[in-house]
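All remarks here apply to the structure that follows.
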Amino acid sequence: VNYSKKGKDSSANNYRFALNSLQRSMGEDNVSFSDISTKSIAKWIKSLENTSNSKNKYPLLIKKIFNDGLIEFNDYDRNIFLIKHNPFMKNTIPRPEITKKQSLSKDVILDIFSFDTSLSLKEQKVPMAIDVALMVFHLAGINTADLYTLEKSNLKKGKLCYNRLKTKDRRGDKSYIEITVPIEIKHLLEKYKGKDRLFNFSERYYTHQQFNKSVNQGLEDISKKLGIDKVTSYAFRHSWATIAQNKCNAGTDEVAFC
């Protein structure tokens, strides 16, 4: 099964990362279905127990590959079984950790937006991190992955009209949304104007994951200088949703839609 052709690049990368992790655990460069045993999966899952997300995500991805293999290579109607075992039958995949809510107070948000970038150790990343945080907050909690992939054609008469990258393949409406660009951030469209895409982030970072990591590194530096808990780009998404519902009387359905 070619997972590099099954949709988004980010999904394909996750499958590769999971497979690489399993291969390292087994000490093999290439792993076949017959190599994977109940014991080797148990050992691998054990090695992931101190990770926050991988302990759940990676085993689920490998289990998905294995189940696809069972469907691809076994003929259950004719009792032909090229894969005769299932190492996940006796292994329990750990549950994901509950994400800590990251809504920020108004004062913290304003402190970050007005942060003196001359105080930063990462001078190049911090100004961009602040600008991206401004865009996330003013664009109804837009995802950094969407900021990275927006095309020039997605900007129509002052509105961003696009399909959300992470959920467009899972919804009937292809996660289509329109967001008016408020005047407070219109200057950022020009500041980060791209050659091919709407923004130049893809010219500076190879993947949207690298872009998001750079933004979060800048925000982490600001957090240290302000003496607050580490802030990530997600915090501005969650803060927008919280303020919209608790302070601006937006309905739960409206916030969920955004």
Side-chain angles (χ1 to χ4, degrees), residues 102-120 122-168 174-205 207-219 221-223 226 231-250 254-258:
Q102 300 184 48
S103 180
L104 306 174
S105 69
K106 181 184 75 172
D107 290 339
V108 168
I109 293 173
L110 294 176
D111 284 345
I112 292 173
F113 288 163
S114 61
F115 182 77
D116 183 357
T117 56
S118 66
L119 301 175
S120 174
K122 301 181 179 68
E123 294 183 4
Q124 293 182 335
K125 292 181 179 179
V126 164
M128 184 190 70
I130 295 172
D131 289 340
V132 172
L134 277 164
M135 285 192 275
V136 170
F137 189 76
H138 282 84
L139 293 171
I142 192 171
N143 197 306
T144 57
D146 291 319
L147 287 175
Y148 180 91
T149 55
L150 283 172
E151 303 289 346
K152 291 183 178 181
S153 60
N154 293 130
L155 182 61
K156 301 175 182 178
K157 297 181 180 181
K159 289 185 177 183
L160 291 180
C161 308
Y162 67 100
N163 303 92
R164 291 193 63 204
L165 180 67
K166 290 191 174 181
T167 55
K168 65 181 181 180
K174 297 187 181 299
S175 292
Y176 179 77
I177 190 169
E178 296 184 1
I179 305 173
T180 299
V181 179
I183 191 171
E184 289 85 357
I185 62 166
K186 283 188 175 180
H187 67 286
L188 296 178
L189 272 68
E190 185 63 31
K191 182 176 180 179
Y192 295 98
K193 184 177 180 180
K195 294 179 181 178
D196 299 316
R197 291 181 176 173
L198 184 61
F199 297 111
N200 64 8
F201 304 133
S202 61
E203 298 161 25
R204 303 167 65 177
Y205 301 96
T207 66
H208 68 77
Q209 292 94 337
Q210 290 177 347
F211 166 58
N212 186 66
K213 181 179 179 180
S214 182
V215 170
N216 287 338
Q217 286 175 338
L219 291 173
D221 189 52
I222 296 173
S223 303
L226 294 176
V231 172
T232 67
S233 60
Y234 175 80
F236 293 91
R237 300 184 64 211
H238 189 74
S239 298
W240 177 88
T242 301
I243 292 171
Q245 184 169 342
N246 296 345
K247 301 294 184 181
C248 304
N249 298 318
E254 293 172 307
V255 172
F257 171 74
C258 292

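This structure is a prediction, so every number in the text was calculated from the model and none was measured.
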Measure the CG-OG distance between N246 and S239 for me, rounded to the nearest 0.5 Å. 11.0 Å
Can you tell me if S223 uses its side chain to pair, donor with acceptor, with the backbone of L219 under 3.5 Å? yes
Between D146 and L139, is there a side-chain heavy-atom distance shorter than 4.5 Å? no
Results of side chain to side chain donor-acceptor pair (under 3.5 Å) for T180 - residues two or more places apart only: none
Step by step, work out the side chain to side chain contact (heavy atoms under 4.5 Å, CB included) result for T144 and H208. CA-CA 7 Å; T144 57; H208 68 77; 5.9 Å; no
For N154 and E151, indicate whether the former's side chain and the latter's backbone hold a donor-acceptor pair under 3.5 Å. yes
F236 vs F137 aromatic rings, parallel, tilted or perpendicular, using cut-offs 30° and 60°? perpendicular
Any idea which heavy atoms bring Y162 and I179 closest together, and the distance? OH-CD1, 3.8 Å
Could you walk me through whether N143 and L165 pass the side chain to side chain contact (heavy atoms under 4.5 Å, CB included) test, one step at a time? CA-CA 9 Å; N143 197 306; L165 180 67; over 6 Å; no
In Å, rounded to the nearest 0.5 Å, how long is the span from NZ of K213 to OG1 of T207? 10.0 Å
Enter the distance from D107:CG to I112:CD1 here, rounded to the nearest 0.5 Å. 11.5 Å
Looking only at heavy atoms, which two atoms of S233 and N216 are closest? And how far apart? N-OD1, 2.8 Å
Run the side chain to side chain contact (heavy atoms under 4.5 Å, CB included) test on V136 and W240 for me, step by step, so that the C-alpha distance in whole Å, both residues' side-chain angles and the decisive distance to 0.1 Å come before the verdict. CA-CA 8 Å; V136 170; W240 177 88; over 6 Å; no
In Å, rounded to the nearest 0.5 Å, how long is the span from CZ of F113 to NE2 of H138? 6.5 Å
Please step through side chain to side chain contact (heavy atoms under 4.5 Å, CB included) for the pair M128 and R204, ending with a clear verdict. CA-CA 12 Å; M128 184 190 70; R204 303 167 65 177; 4.0 Å; yes
Looking at Y234, is its backbone amide N or carbonyl O close enough to the side chain of H238 to form a donor-acceptor pair, meaning the two atoms are under 3.5 Å apart? no
Side-chain donor/acceptor of N212 to backbone N/O of A145, under 3.5 Å: no
When you compare the side chain of L147 with that of I142, does any pair of heavy atoms fall below 4.5 Å? yes
Looking at every non-hydrogen atom in both residues, tell me the closest pair between S214 and Y205 and how far apart they are. OG-OH, 2.8 Å
With sequence neighbours left out, what residues match T232 under side chain to side chain donor-acceptor pair (under 3.5 Å)? Q102
Side-chain atoms of residues 189-200: list all donor-acceptor pairs with protein atoms under 3.5 Å, sequence neighbours left out, distances to 0.1 Å.
unit_1	atom_1	unit_2	atom_2	d
K191	NZ	D131	OD2	2.7
Y192	OH	D131	OD2	2.5
R197	NH1	Y148	O	3.4

